[in-house]
Each structure stands twice: as structure tokens, then as C-alpha cells.
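Following: one structure in C-alpha cells, then a few remarks.
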Protein chains: 2
Amino acid sequence: MNATRQALIDSMKELLWLRGYDATSPNQVLDHCGAGKGSFYHHFKGKKALAIEAMNARVDELIADFDLIFGSDLPWLNKFQQYLLQPRTGIKGCPMGRLVSDPSISDNELRTPIDRYFKHLLMHMSMTLSQAQQAEQLDENTSPVILAETVVSAIQGGFIISRALHDDQSVNSACLGVFSLLKGLARQAEPMAVAG
Amino acid sequence: MNATRQALIDSMKELLWLRGYDATSPNQVLDHCGAGKGSFYHHFKGKKALAIEAMNARVDELIADFDLIFGSDLPWLNKFQQYLLQPRTGIKGCPMGRLVSDPSISDNELRTPIDRYFKHLLMHMSMTLSQAQQAEQLDENTSPVILAETVVSAIQGGFIISRALHDDQSVNSACLGVFSLLKGLARQAEPMAVAG
DNA sequence: GTCTATACACCGATAGAC
DNA sequence: GTCTATCGGTGTATAGAC
């Protein structure tokens, strides 16, 4: 892979996190990585094409981190504990979540990587919760799908509060709060009933 | 109050919700309300000044709605029920929450109305929760401040998920989920009927 | 108070030399 | 593959007539 091409992707990845899509211009990307306009339009059809590659690279990164925890054989509650209690820098925002407010993201091609990221989180969290219910380790009155949505929302919303109040810690409070609520639903597995 | 001036504020309010701050240009505001450039810069120092007035007007509106519920004498859980189970149009996003991702919002003057909105929600929710604890109607193991942050985060994050998945209902699922979790912490010092 | 004309910077993209 | 020059369009704001 060409080094300039990779540098363009890396710079776009960084600037998307820092300023979002609409507010990031090709010129800013070029300044950031020291490339020239000619390289940009040689390697990519345009801003949108580069952004999609950069977003997909970021999603791969984030999903790999997520899978380290949710793909492990930790007990279900410990998975959520590890994921939710990771320290986050609230004001920076979520590299994916912050993009959805950009007007251009209503374009479906631009939205695809973001959709992929959140669908992955939601699906694997709700699978974990569903298995916990089957093992009688989780209260059965709440739907795993809705519960997963609530957890992901608490994280994303925590970033919003952090930026709104200019306070890096708000997101961590929100994550702690939703973890406490989740912990309240944990049940000790009871001995398996024997049919007959 | 001059009618043109008011029309400019109303149009900016609308466009801020629709497109955010950075992506809304003075020309778009003028097209939206039919005013001319001269009127704009006669009544307002510039885009930023108009946006601040429009944001403050929106916050007043949202806070009035919020206070209708949280300023009432409903039981604490019913307040959260009414507020959280209001149907929301997820893809439109929260008129305040969507603004925090705009790079320009790191400017403190622009952030002030947003800060005021969220501080109001958080303070009054945590007061309600604190009083519920004193009345022994709410589990005492979780901090009211953290719980309030979790509730507001679930709403805001729900909007993010809605926009990410292009699904109006995600935000309502997230709100339902956090309400269920909250309901699980209710204690019956006195008889309380709660549907849902 | 409102209008039109204008200024200047930056946007995303292209052309063509090397 | 990379560079510089340039394009048409738009953003924010100002000037000055009426």
C-alpha cells in the first residue's frame, strides 16, 4: 500500500474524530499529512471516498477492541464492567457517534460504516444478554435488545453531556450509572431443574 | 419586537435543529424567512449572535415542557414515565444535543445555552430522585446525580443511535429501557400505581 | 429598516507540467 | 505519483442607496 495513500487515510481518520465530516476539508487533510492536492485526487475520487475508507478503518479498530472483551469467555457482567468502566475522554466524543450530526451523513454511503459499527455493538451485547437470561443469570423481564440499546445509548449520550458541559468525566458517570443498573438485574444461577 | 427580527430568530431556530450551527449559513436563514441581507445585519451583529438568541429561545421552550412534568406533584416515577415515554422522532435528533458535535460549539458563548439546558435537566432530575430516596421510595445504593446523568444520556444517546441506524424508533427503545431499569429501583413506601 | 452590490476567504475539484 | 495554478461556487460580512 502506497505510503502517501495511507497517510491520507490516517490524517482523515484523525480529523474526522476531531472535527467531523462536514467541517473537515481536503486542504486540512493535506496540511495535516504534508501531501499535495495532486496526490489526494490521484488516490481518491474525492473527499467522500477518502472519508468512507477512513471511517471503515476506524470501525475495524473499534470493533477489534470491543471483540477483545465481548468475544472473551468472561462472565456476562464482567464483559459489561470492562467495557463500560474503561476511562473515556468525554470532550473528544466518540469517533463514530460524533459523525451522525453532520448533515452530509444523511447520505447512505457515508452512513454505512457508522451503521455497521453500531449494529455490531448492539447485536453482540444483546446476544450476551440473551445467553445470560438463558443461563438464569439475568432478570428475564427486560428484552435483551432494548437493554443493549439502552447501554449503547448511555455511552453515546454520556459523550453528548460531556461536550455540552465541557466536562471530560460526565461520560464516565453515565457509563458507571448504567453499569450499576445492569448489575441490579444480575441473578445467581440456580441449580438446573431436572426434568422427569 | 420587530416582526422581521422575530422571523429571523424563528428561522434560525428551525434550521439549527435541521442542520446544526456550522452547516447553517446566513443565506439559508434569509431564504427560509424571506428577509434580505440588510435586515439580518441590521438586527444582529452576525450569525453567532442570532444563533445564541435562537438557541436561548429553544431552550426556554424545552425547559417549559420539562417543567410541566417535573414541576408537577406527580409521584417521582410517574414524572420519569411521562418524560421518558413521550414519543420522539429519532432521526430529527435533539434540538440541543445535536449541536454539540459542531466544531464551532467549542466556543463558550455558543455553548452557554446548551450548558443551561442540560444543567436544568440534570439538576431537577437529581433533586426528584434525591427526594424519592428521602421518602424511601427509591433504592439508596445509587447516587441521584449519577442516575440523572444516566437518564439524560440514554435519551441523548438514543437520538444518536436513531440517526446512526436511520431508525426513528431507536430513541424510544432506549428511553423505554432506561425507564424499566429505573422502575426496578422503585421501593413502595406508599402505594403507587404505575402502568407500563 | 430594507435593499442590492460588492469584497475576500475558503470550499471541493480539475488541468496539465514534471 | 506529485506538484502548482486555476475554476466556479458559497460562506460571512460590509457599503451605501433608498
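Both backbone and side-chain heavy atoms feed into the values below; hydrogens, waters and symmetry mates do not. Chain A is the first sequence line, chain B the second, and so forth, proteins listed ahead of strands; every chain is numbered from 1. Computed from a predicted structure; not experimentally measured.
In this structure, the side chain of B/Asp168 engages the main chain of B/Gly90 through a donor-acceptor pair within 3.5 Å. No donor-acceptor pair closer than 3.5 Å links the side chain of A/Glu14 to the backbone N or O of A/Ile9.
A heavy atom lying under 4.0 Å from DNA chain C marks the following residues of residues 24-42 of chain A, by number: A/Thr24, A/Ser25, A/Pro26, A/Asn27, A/Lys37, A/Tyr41.
In this structure, B/Lys48 places its NZ atom 15 Å from C1' of D/dA13, rounding to the nearest Å. Distance A/Asp102 CG to C/dG12 P: 12 Å, rounded to the nearest Å. Taking atom NE2 of B/His43 as the reference point, atom C1' of C/dC3 lies 13 Å away to the nearest angstrom. Nucleotide C/dT2 holds its C1' atom 11 Å from the CG atom of B/Leu8, rounded to whole Å. Atom-to-atom, NZ of A/Lys47 to P of C/dC10 comes out at 16 Å; the value is rounded to the nearest Å. Computed from coordinates, the B/Leu15 CG to D/dG11 C1' distance equals 15 Å when rounded to whole Å.
Tested against A/Glu53 for a salt bridge (charged side-chain N to carboxylate O under 4.0 Å, His left out), the candidates A/Lys45, A/Arg5, A/Lys47 yield a single pass: A/Arg5.
With the end axes of the helix from C/dG1-D/dC18 to C/dC18-D/dG1 each set by five pairs, the angle from one to the other reads 10° at 10° resolution.
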Q: Determine, step by step, whether A/Arg187 and A/Glu136 satisfy the salt bridge (Lys or Arg N to Asp or Glu O under 4.0 Å) criterion, reporting the C-alpha distance in whole Å, the side-chain angles of both residues, the deciding distance to 0.1 Å, and the verdict.
A: CA-CA 7 Å; A/Arg187 301 284 175 265; A/Glu136 298 186 15; over 6 Å; no
(Q) Does B/Lys119 form a salt bridge (Lys or Arg N to Asp or Glu O under 4.0 Å) with B/Asp115? I'd like the steps, not just the answer. (A) CA-CA 6 Å; B/Lys119 280 213 168 76; B/Asp115 187 280; 2.7 Å; yes
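Under the 4.5 Å side-chain criterion, counting only non-hydrogen atoms from C-beta, B/Arg58 is not in contact with B/Leu16.
Aromatic ring pairs are classed by plane angle as parallel below 30°, tilted from 30° to 60° and perpendicular above 60°; the pair B/Trp76 and B/Phe80 is perpendicular.
Taking the centre of each ring, A/Phe179 and A/Tyr83 stay at or above the 6.0 Å mark.
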